[in-house]
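To start, the structure under review is shown below, and the notes come after it.
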2 protein chains.
Amino acid sequence: MSRAPEKPQRRRLQGVTIADVAARAGVSIMTVSRVINGEGRVSDETRARIGEIIREMNYAPSPAARGLASAGVTRIGLLYTNPSGAYLSEFLIGVMDEISRTGDHLLLHRCDSPEAIDAAVSKLAEEGVDGVVLPPPLCDSERALDLLAKAGKPVVAVATAREDEGVLAVRLDDYAAARTMTEHLLALGHRKVAFVTGDAAQLAAQRRLAGFRDALAAAGLEPHAVAEGDYSYRSGIEAAIGLLDADERPTAIFAANDDMASAVMSIAHRRGLDVPGDLSVVGFDDSLLAVTSWPELTTIHQPIGEMARLAIELLLRHVRARRAGGEAGASSLQADYRLVVRESAAAL
Amino acid sequence: MSRAPEKPQRRRLQGVTIADVAARAGVSIMTVSRVINGEGRVSDETRARIGEIIREMNYAPSPAARGLASAGVTRIGLLYTNPSGAYLSEFLIGVMDEISRTGDHLLLHRCDSPEAIDAAVSKLAEEGVDGVVLPPPLCDSERALDLLAKAGKPVVAVATAREDEGVLAVRLDDYAAARTMTEHLLALGHRKVAFVTGDAAQLAAQRRLAGFRDALAAAGLEPHAVAEGDYSYRSGIEAAIGLLDADERPTAIFAANDDMASAVMSIAHRRGLDVPGDLSVVGFDDSLLAVTSWPELTTIHQPIGEMARLAIELLLRHVRARRAGGEAGASSLQADYRLVVRESAAAL
DNA sequence: ACGCAGTGCGTTAGCGCTAACATTCATGCA
DNA sequence: TGCATGAATGTTAGCGCTAACGCACTGCGT
C-alpha cells in the first residue's frame with residue numbers, strides 16, 4: 001500500500017457550501033446559484049428539488065463570497081450624532097438588517113461637532129466608502145452635505161425635509177403628519193392649542209410647524225402660542241414654563257418631538273396640572289420615551305427601521321448603477337406615518 | 001488595423017486593490033499582504049516603502065475578501081430585546097465597530113417574548129451563525145442560554161451578573177459600583193437612604209442591591225426602605241409613590257437604573273419636592289435619560305460600547321480557536337465603571 | 001433539409017485576499 | 001569547498017460565489 005492520499009492542506013472554513021448542495025443534487029454549482037438567486041433558466045422541477053435540498057442541508061450562502069464575486073462588496077458609511085438614543089438604535093437595526101442581507105460593509109462615525117464632521121468625512125474617504133447614509137439631524141447639515149458632495153460620495157438623506165432635486169432621500173411627510181395631529185387635537189375640541197418647535201435649523205422642524213399652523217388656519221383658528229425649542233428635553237422644560245406660567249394657559253400643547261412633550265408633562269405635573277385632565281400634550285416620533293413617559297404619549301409614529309432599510313436599498317442601487325457606468329439619477333422615497341393615540345390627550 | 005484588444009469582460013469592482021499597490025511598489029502582492037498584516041519577514045525598508053504607498057493610494061483592504069481567504073467569514077448573532085433604547089444603540093455601535101473591522105457578519109434578532117427566543121435561536125441555527133452575543137437582559141435568560149448551549153453555539157454574555165465558570169462573559173462589577181454610589185450618598189451626609197430594585201430575575205439587579213446593603217452595613221446603617229421595581233419607568237413610578245407617601249420619607253433614593261431614577265424625580269416633583277433640595281435621587285447606567293432628565297442624574301457610568309467591543313473580540317477569538325481544533329476555554333473580562341456626579345444628589 | 005431561436009444546463013475565469021510551499025540569495029561554519 | 005541555515009520574497013492554489021459565454025438539444029418555419 002502506498003501513502004495515503006493526503007490532500008486537505010487547507011482546512012474547511014465554512015459549514016455547508018454551495019458545492020455541497022450541488023454535489024448532493026447532482027448538478028453543477030451554477031445551477032444551484034441560479035436557484036438561490038431566483039434567476040436564469042432552470043426547470044421548475046430542478047428548482048424545486050434544489051430548494052428542498054437547500055432547506056434540508058440548512059445551507060445559507062455566504063454574503064461575503066457573494067458580494068466579492070458579483071457586486072464587489074460595497075462600503076457604506078454612516079455618520080451619526082447622538083440624537084435620541086432610541087431613534088438611533090431603531091435606525092441602526094434597520095440598516096444592519098439590510099446590510100447583512102447583502103454582505104456589504106457598514107462603517108460608523110460619530111460627529112458631534114462641525115470639526116468632527118470634517119474628520120469623519122476624510123476618514124470615510126480613506127476607508128474608501130462608496131456611499132453615505134445621513135440620518136437626522138445630519139441629513140440637513142449643509143456642511144456634511146457639501147463635504148460629501150465634494151468628495152464625490154453619493155449620499156442618502158433620511159427624514160430630511162429638504163426638497164432638493166438630485167439628492168437621494170427617504171422622507172417622512174412632516175407637514176402632513178403635523179396637520180393630522182393638529183386635526184386630532186381640534187377634533188377633541190381644543191381651541192387654545194400651543195406648539196413647541198424643534199430645532200429651527202432643521203427643515204423638518206419647520207415643516208411640522210407649518211403643518212400645525214395650516215391645520216389651525218383651515219379651521220379658522222390662530223395658534224394660541226408658539227414656543228421655541230430645539231428638540232432637547234431641556235428646551236422643552238423652558239418652553240413649558242413659558243407656556244404654562246402665561247396669563248392664559250393653552251388647553252393642549254403639541255411638541256415637535258417626544259422628548260419635549262415629555263418635558264412639558266413634567267412641568268405640568270410640577271404645576272399641579274393633570275395630564276390629560278387639565279392639559280393635553282402630544283408629541284412626535286413615537287420614540288421609546290412615548291411609552292416610558294407617564295401618561296403615555298399620543299404621538300406620530302415614524303417607521304424608523306423601515307426608512308433605514310429603504311435608505312440602504314436606495315443607496316446600494318445607486319452605487320451599483322454608477323459603478324456599472326450609467327449615471328444613476330437621484331430618486332426619493334416617502335415613508336408612511338401613523339397617528340398613535342395613547343393617553344396624554346383627551347377631549348376637552 | 002486589426003481589432004482593438006478588447007479584454008475587460010469583467011468590470012473592475014473595487015477601487016484600489018492590493019494588486020495596484022503591489023504593482024506600484026514593484027513587489028508581489030504577498031509582500032503587500034504581509035505588510036498589511038504586520039507579520040512575516042519583510043525588510044524594514046520594504047515595509048516602510050509599501051506603507052507609504054498604501055497611504056498615498058488610499059488603499060483599504062477589503063474585509064470581505066480577507067475573511068473569505070483566511071478565517072472564513074464568521075457569522076455572529078445578536079439577540080436583543082428593547083431594553084433602554086439608549087443602551088442598545090451604544091451597544092450596537094460598539095459591536096458594529098468591531099465587526100466592521102474584521103469583515104464578519106452580524107445578524108440581529110429581536111426577542112421580546114420567550115417564544116420569540118425559541119424562534120430566534122432556530123433562525124440563528126438556520127443562518128449558520130458561529131457564535132452569539134447576549135446583551136442584558138437576555139444574558140441572564142436561562143431559556144436563551146440553554147437553547148443556545150443545546151444548539152452548540154458559543155455565547156458571550158455581556159453585563160451578566162452570573163458567576164458561571166465556563167461561559168464567555170464581559171462583566172461590570174455591579175456590586176462594587178453600587179457600593180461606591182452608596183458611599184457617595186453617605187459622604188453627602190444622608191442616613192435615610194432608600195433603594196429601588198431592578199428586575200429581581202436579573203442577577204445584576206441583585207448584586208446592585210447587595211452592594212447598597214453592604215455599604216450601609218459597613219457604616220452601621222440599615223436601609224431606610226427597599227422598594228421593588230423591574231427597571232421600567234412605570235415600576236419606578238409605583239416604587240416612588242410607595243416611598244414618598246410613607247410616614248417617614250427618605251432623604252435620598254438610589255434607583256437601580258436611570259429610568260426608575262427619572263421616574264422617582266417625576267413623582268417627587270408632583271409631590272412638590274425639590275430635587276436635590278428636599279430629596280437626592282441617583283441612578284445607574286448613565287443612559288441618555290441621565291442627561292435629558294431634569295435635574296441631570298448623578299449615576300454610574302457603564303462603558304457600554306467598550307464592553308460590546310470586548311465581547312465581540314472575545315467571541316471571535318473563541319470561535320476561531322474552536323475552528324482551529326483546540327477546544328478554547330472560556331474566559332471573562334471585567335470592565336471599569338465610573339461614578340458620574342451631576343445635579344440630582346446634594347449634601348444634606 | 002436547413003437554419004435559427006430558445007431552453008436548460010455546464011465550463012471557465014475570475015472577485016480580492018491569504019496559507020502553504022517554493023525559490024533565491026547571502027551568510028556561517030566545518 | 002560544500003552545504004545546511006535562514007532571511008526576504010515569489011508562486012500556486014484556493015476561500016465561496018457569480019458573470020459571461022458555450023454547448024447540446026428541442027421545436028418550428030420554409
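So that the names make sense, note that chain A is the first sequence line, chain B the second, and so on, each numbered from 1. Since the structure is predicted, the reported quantities are computational estimates derived from the model, not experimental observations.
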Roughly, in whole Å, what's the span from CG in B:N37 to C1' in D:dA8? 17 Å
Between the side chains of A:E127 and A:K123, is the shortest nitrogen-to-carboxylate-oxygen separation below 4.0 Å, so that they form an ion pair? no
Distance check needed: D:dG16 P versus A:M57 CE, whole Å only. 13 Å
Considering only side-chain heavy atoms of B:S33, which listed nucleotide, C:dG16, C:dT18, C:dG10, is closest? C:dT18
Round to the nearest Å and state the distance from B:H105 atom NE2 to D:dG16 atom P. 13 Å
Expressed as a whole number of angstroms, how long is the span from B:I29:CD1 to C:dG14:P? 14 Å
Less than 3.5 Å between a donor and an acceptor, one on the side chain of A:R34 and one on the base of C:dG10, is that the case here? yes
Nucleotide of C:dC17, C:dG8, D:dT11 approaching B:R66 most closely (side-chain heavy atoms): C:dC17
May I have the distance from A:R41 (atom CZ) to D:dC25 (atom P), rounded to whole angstrom? 19 Å
Closest of D:dA19, C:dC9, D:dA8 to the A:V42 side chain is C:dC9
Of all the nucleotides listed (D:dT11, D:dT18, D:dC17), which has the minimum atom distance to the side chain of B:M30? D:dT11
Salt bridge check: are A:R24 and A:E56 linked by an N-O gap of less than 4.0 Å? yes
B:L68 side chain, from C-beta outward: closest of C:dT18, D:dC17, C:dG16: C:dG16
How many whole angstroms separate atom CG of B:D130 from atom P of D:dC15? 17 Å
Any N/O donor-acceptor pair, A:R47 side-chain to C:dG8 base, under 3.5 Å: no
In whole angstrom, give the distance that lies between atom CD of B:E45 and atom C1' of D:dA7. 15 Å
State whether A:T31 places a side-chain N or O below 4.0 Å from either non-bridging phosphate oxygen (OP1 or OP2) of C:dG8. no
Qualifying residue, where the test is side-chain contact (heavy atoms from CB on, under 4.5 Å) with B:L315 and the options are B:V155, B:V133, B:D104, B:V170: B:V133
Pairing of B:E306 and B:R309 as salt bridge, 4.0 angstrom limit: yes
C:dT11 phosphate, OP1 or OP2: any side-chain N/O from A:S28 under 4.0 angstrom? no
Does D:dC15 have its OP1 or OP2 closer than 4.0 Å to a side-chain nitrogen or oxygen of A:T17? no
Can A:S100 and B:L106 be said to form a side chain to side chain contact (heavy atoms under 4.5 Å, CB included), step by step? CA-CA 6 Å; A:S100 67; B:L106 184 62; 5.8 Å; no
Using whole Å, what does the distance between atom C1' of nucleotide D:dC17 and atom CG of A:D20 come to? 13 Å
